[in-house]
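These numbers come from a predicted model, not from an experiment. In listed order, ligands and their atoms are each counted from 1. Each residue takes its place number in the sequence, starting with 1.
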Amino acid sequence: MSSAIVFFGPPGSGKGTQASRLAATLGIPQISTGDLLRNHVSRGSALGRVAKPIMESGALVPDDLVTKMLKERLAEPDAKNGAIFDGYPRTVAQARSLQALLEETGGRVDAVLFIDVPDTILVDRLLKRAVLEGRADDTRETIAERLRVYREKTAPLADLYRQSGALVTIDGNRAIETIASDVAAALQNARTAVPKGAA
Ligand code: ADP
């Protein structure tokens with residue numbers, strides 16, 4: 001794993017959109033733990049059966065289950081040269097696990113792109129997505145819970161990655177293209193500015 005890029009931000013921030021564009025540009029896979037979990041749910045796997053009610057409530061699937069799933073995904077050949085992480089890590093424990101997984105293969109987190117969007121806009125976007133995609137967890141109640149869980153469990157990662165020097169904050173309340181060009185510029189800088197082993 002030579003290059004790990006993490007997209008991080010609240011639900012509805014557009015991190016998935018940016019992660020998928022960047023994956024296409026760089027030719028490395030986008031690994032979305034939300035998509036992987038939804039896949040388990042639709043296949044009705046053992047993990048999917050555990051995850052389904054948790055996801056529908058807006059809570060987080062337990063760290064050990066998500067990390068095991070991620071580890072299996074990283075073992076696939078397409079992730080050999082790097083991956084773009086979307087929705088993982090979501091807790092401090094997951095950030096530690098990711099670091100340990102990367103260290104096993106001599107990799108590191110190159111950059112953490114924090115896509116920042118105000119809450120009022122997030123709620124609007126998620127309600128629109130509910131109509132377009134019909135995701136089971138895009139109801140008004142679940143959206144509120146996901147935002148609360150994000151503030152409590154995931155937002156603290158910003159400090160962690162700021163300290164390590166990997167964090168780049170990007171204003172996510174702009175056009176997709178504009179954000180994408182900021183992402184590209186941030187990565188140019190990150191490659192040269194983050195010393196090896198710092199993140
Ligand atoms: P969003 O970022 O829009 O909330 P995701 O597709 O990333 O959507 O995640 C949907 C749900 O899947 C989360 O609310 C959570 O229940 C579960 N999930 C996804 N990634 C993780 C993770 N890294 N750790 C724990 N739960 C996760």
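- Rounded to the nearest 0.5 Å, atoms CG (Leu126) and CG (Asp138) are 5.5 Å apart.
- Val61 is not listed as a side-chain neighbour of Met69, based on a closest heavy-atom distance of 4.5 Å or more.
- Counting only heavy atoms of the protein, atom 12 (O) of ligand 1 lies nearest to Met55 CE, 3.3 Å.
- With rounding to the nearest 0.5 Å, the separation of OG1 in Thr67 from CZ in Arg96 is 12.5 Å.
- In this structure, atom 9 (O) of ligand 1 lies nearest to the protein heavy atom Arg90 NH2, 3.4 Å.
- For ligand 1 and Gly34, the ligand atoms under 4.0 Å from any heavy atom of the residue are 5 (P), 6 (O), 9 (O), 19 (C), 20 (N).
- Proximity to Arg38 (heavy-atom distance under 4.0 Å) selects the following atoms of ligand 1: 6 (O), 10 (C).
- Within a 6.0 Å sphere centred on CD1 of Ile121, heavy atoms belonging to other residues, nucleotides or ligands number more than 12.
- For ligand 1, one of its N or O atoms has an N or O atom of Ala59 under 3.5 Å away.
- Rounding to the nearest 0.5 Å places OG1 of Thr139 at 10.5 Å from CD of Glu145.
- Heavy-atom contacts of Gly87 reach the following atoms of ligand 1: 20 (N), 21 (C), 22 (C), 23 (N) (cutoff under 4.0 Å).
- Scanning all protein heavy atoms for the shortest distance to atom 8 (O) of ligand 1 gives Arg135 NH2, 3.2 Å.
- Protein heavy atom closest to atom 26 (N) of ligand 1, with residue, atom name and distance, is Val61 N, 3.1 Å.
- Inclusion of Tyr88 in the set of residues having an N or O under 3.5 Å from an N or O of ligand 1 is not warranted.
- Which parts of ligand 1 touch Lys15 is read off a 4.0 Å heavy-atom cut-off, strictly below it: atoms 2 (O).
- If you look at Lys153 next to ligand 1, there are no close heavy atoms at all, none under 4.0 Å.
- Residue Arg146 has at least one nitrogen or oxygen atom sitting less than 3.5 Å from a nitrogen or oxygen atom of ligand 1, judged on distance alone.
- At least one side-chain heavy atom of Arg146 sits less than 4.5 Å from a side-chain heavy atom of Ile143.
- In terms of protein heavy atoms, atom 24 (N) of ligand 1 is closest to Gln94 NE2, 2.8 Å.
- Scanning both residues, Gly14 and Arg125, for their nearest heavy atoms gives N-NH1, 4.0 Å.
- Summary of contacts: the protein heavy atom closest to atom 3 (O) of ligand 1 is Arg129 NH2, 3.0 Å.
- The atoms of ligand 1 that sit less than 4.0 Å from any heavy atom of Val66 are 22 (C), 23 (N), 24 (N), 25 (C).
- Closest to atom 18 (N) of ligand 1 by heavy atom, among Leu37, Leu126, Val41, Thr33, is Leu37.
- Contact annotation: the side chain of Thr91 approaches that of Leu60 to within less than 4.5 Å [non-hydrogen atoms, C-beta and beyond].
- Counting heavy atoms from C-beta on, the side chains of Asp182 and Arg174 come closer than 4.5 Å.
- Around the CZ atom of Arg151, the shell of radius 6.0 Å holds more than 12 heavy atoms that belong to other residues, nucleotides or ligands.
- No hydrogens or angles considered: nothing links the side chains of Tyr88 and Ser32 as a donor-acceptor pair under 3.5 Å.
- With a 4.0 Å heavy-atom cut-off, ligand 1 is reached by no atom of Thr91.
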